[in-house]
Amino acid sequence: MRIIDQAGNLAFKAFSAGLGVTTVYLTATFSVNVYRGLAWHKAQTKFDKDGSSDQPEVQAE
């Protein structure tokens with residue numbers, strides 16, 4: 001029974017370590033994505049305020 005207990009303990013530790021690494025990874029990528037999203041939003045707001053457009057203006061005939 002001691003070997004089974006040790007195997008179960010090792011499996012639980014590996015699972016817990018995996019969850020910890022996954023949590024750190026997801027936290028880091030979420031933070032980076034929030035930063036990129038805010039930067040993109042700020043750039044879009046600046047673009048809208050300038051009134052510039054990539055498309056040529058169509059004049060009414």
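The basis for the numbers below is simple: all heavy atoms, side chains too, and nothing from hydrogens, waters or symmetry mates.
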- Item | Shortest non-hydrogen contact from L19 toward T23 |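 Closest approach of L19 to T23, heavy atoms only: O-OG1, 2.7 Å.
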- Task: For G18 and T22, work out which heavy atoms get closest and say how close.
- Result: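 Smallest interatomic distance, heavy atoms only, reads O-OG1, 2.8 Å.
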Hydrophobic cluster mates of [X], side-chain heavy atoms under 4.5 angstrom, ILVMFWY only, any path?
X: Y25; answer: L26
X: V24; answer: none
X: V21; answer: none
X: L38; answer: F30, V34

Only distances under 3.5 Å count here; give the side-chain donor-acceptor pairs of residues 1-9 to other protein atoms, sequence neighbours excluded, each with its distance to 0.1 Å.
none

